[in-house]
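Heads up, the thing below is written out as structure tokens.
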Number of protein chains: 2
Amino acid sequence: MAVGLDEPDRLEAVPGIAWGTARAGLRKRGGDDLAVAELAEGAVVAAVFTRNAFAAAPVLVARRHLAMSEARILVVNAGNANAATGIQGVQDAEAVCSEAARLAECPASAVLPFSTGVIGEPLPVDAIREALPRAWAARAADGWLAAARAIMTTDTVPKGASRTLTVGGRRITVTGIAKGAGMIRPDMATMLAFVATDAALSRTQAQAMLEEAVAESFHCITVDGDTSTNDAAVLVATGASGVEIGPGDAAQRRLREAVTAVCRELAQAIVRDGEGATRFVTVEVEGGRDEAECRAVAFTVAQSPLVKTALFAGDPNWGRIVAAVGRAGLADLDPGGVDVAVNGVWVVRAGGRARDYREEDGVRAMAEPEVTIRIRLARGEARARVWTTDLSHDYVRINAEYRT
Amino acid sequence: MAVGLDEPDRLEAVPGIAWGTARAGLRKRGGDDLAVAELAEGAVVAAVFTRNAFAAAPVLVARRHLAMSEARILVVNAGNANAATGIQGVQDAEAVCSEAARLAECPASAVLPFSTGVIGEPLPVDAIREALPRAWAARAADGWLAAARAIMTTDTVPKGASRTLTVGGRRITVTGIAKGAGMIRPDMATMLAFVATDAALSRTQAQAMLEEAVAESFHCITVDGDTSTNDAAVLVATGASGVEIGPGDAAQRRLREAVTAVCRELAQAIVRDGEGATRFVTVEVEGGRDEAECRAVAFTVAQSPLVKTALFAGDPNWGRIVAAVGRAGLADLDPGGVDVAVNGVWVVRAGGRARDYREEDGVRAMAEPEVTIRIRLARGEARARVWTTDLSHDYVRINAEYRT
């Protein structure tokens, strides 16, 4: 049950990229589970990958290929992460790339592989090889939604977002899709995001734009900016619009905002579809000495199992919130300076229950499916914001039954 | 449902300390919820308290009293943590101390207050004052088990342990009780432990002995050595045996081992009675460069919701274990050096599925209620060990319903 999240109405095609999908049979749930994207010649590809020491085989291969060649093809499978699969995993990812390269008549190093699903099982290469020609044949400019569906694992809703802007009288499109629903910590092979624009960017511009967008979106839904074995976010700038964006242009700022907006919408969609989520929770921390300490507080609160179960229960148990603030590791934190509001109701002032706070107001504030916890630290000007979910019975059920 | 944990058969009395209990009506669950200990004159008291910035009022008062006077009385209530209660909370804790001091005919600063239960509610001082004389009148040398019961909150089993040793032909006893069941992170007002011995120790000796015991017990069941708003562990050396333990004596080492053994048994009991626990899990990490990184890996694995839900399911999902190892933040970790065994079955060797590993062996290994996850890092000689539980439906139920 995703919180306030529906299938995207419409994902705008991006000239210069076409997606095709097919069923390889890797994912137990039916439907296509293999997606292929063809990128126009000259497309620029930027990517950020997991920092997990156990980076999955497709991550290792994609990183290497990206350094060797211009990417022309993305291949994504759901149902198997090809992670913790050693040398065999790398050979398997390369075999998938070879087959895609054969179809696309390009070098194997121009293919970037991505996998999501169970960790530690060998990748069923033959099934992927068999399905690839069908996915390739199906590629179409309007294939985004089909691709968003194909890359789902425990997701209940396909995730996508589009923005358009006009630069010099010409329309530019930014469209992205993502998958991911293992939320509290994305330490399952969880998060993949593919964003494309038809603006023309240099590799350096595209990489900077992607990193900034990721910092303000996907990194606000993870632990310490932590990423899983397979996490990857990709930005493709096809250039097919013919609109060149110069470094430092006003247009660059607007495009960056559009890319960030798409990534933020995707990141929030991942939270809204968080495993077992019944609430969409925003934790805003302000008045910190620097952003890092605001993030530390926000993440400590957002990840506290006790805060999350109270959110599930709709219980304004602010004591658990201040206890989490108190253990976030801030030096010399003065509890007497801490205020906490839940959906606009100030429950804590100066470190204790607010004088005018009434339990029934707290209960009413917590009754909403969207909850904002606002925390003021009164020791500086910095702020940070993260998004999370509650911790429900269904989270346990989903993750206890994932392989069975 | 505690895992492999029964009520203590027998808790040895410790000459020089007597516990009495009564019902003040603070805890919804019936039974006594107030405990008082009288310490013999000359008893030495050591204590360690939470490092949470929101230290509860009783912690503030106990710390101050300990610095002012020799402690003669411990007063512990369940049902209300008197945490995040501001100035009023401190006055309330002091009022409780005054009443105890009146009964014991000692200065109020000789009374140490402890509270556990809901955070952020005013302490019902009148109810405690009313019940105190009855608890005081009931004090007895064999009151340990009654006290262990009185301090329970969500605990399902009272927790206690005893050890005896002989020094110079004379018997010395070490007995302790503890409460705590909010397990994954003790960030509810969770953990209290009271340990006493009739050996004679200096304050310095007692403090060092307690800190060492806590490091090897209670700090192995918390996040980053993190403690909640109310956590406290106390060691009382009554000296009533007349056996003086000199610094550096062989007897000191043996007593320290006994105190550590009592604390470890209590710490493990807290885990075994962890909220919703269906498994008792030991995570052993070896081959690290230093203890800190071994602890980082052990805690990252032990706290991963995905590992914990897999443990609940009895699912040998080792991919989640290696993914947790991979994001523990170790510099230059070579995944190829990582081995993982579950109850003696090597499921991961050299960073991937062990060649001879069969899924049915893993399932059998995980079927036990007690699971040891052993992780080898192959980069040094250091090791660490932590204890934890699985994450079950009942954890969510207990914490979602705690106040309702």
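Here is the naming used below: chain letters follow the sequence lines, and residue numbers restart at 1 for every chain. Since the structure is predicted, the reported quantities are computational estimates derived from the model, not experimental observations.
- Ala323(A) and Ile119(B) make their closest contact through CB-CD1, 4.0 Å (heavy atoms, listed as atom of the first residue, atom of the second, distance).
- Contacts between Val347(B) and chain A at a heavy-atom distance below 4.5 Å are absent for every atom of the residue.
- Contact of Val348(A) with chain B is not made at all, since no heavy-atom distance falls under 4.5 Å.
- Distance check, rounded to the nearest 0.5 Å: CZ of Arg353(B) to CD of Gln88(A) gives 11.5 Å.
- In this structure, the separation between CZ on Arg51(A) and CZ on Arg327(B) is 13.0 Å, given to the nearest 0.5 Å.
- Gly326(A) and Asn52(B) make their closest contact through CA-OD1, 3.1 Å (heavy atoms, listed as atom of the first residue, atom of the second, distance).
- In this structure Arg279(B) satisfies the salt bridge (Lys or Arg N to Asp or Glu O under 4.0 Å) test with no other residue, sequence neighbours excluded.
- Separating the CG atom in Leu333(A) from the CZ atom in Phe54(B) is a distance of 6.0 Å, to the nearest 0.5 Å.
- Among Gly351(B), Gly352(B), Ala310(B), Gly86(B), the residue making the largest number of heavy-atom pairs under 4.5 Å with chain A is Gly351(B).
- Here the closest heavy-atom approach between residue Pro335(A) and residue Ala53(B) is recorded as CG-O, 2.9 Å.
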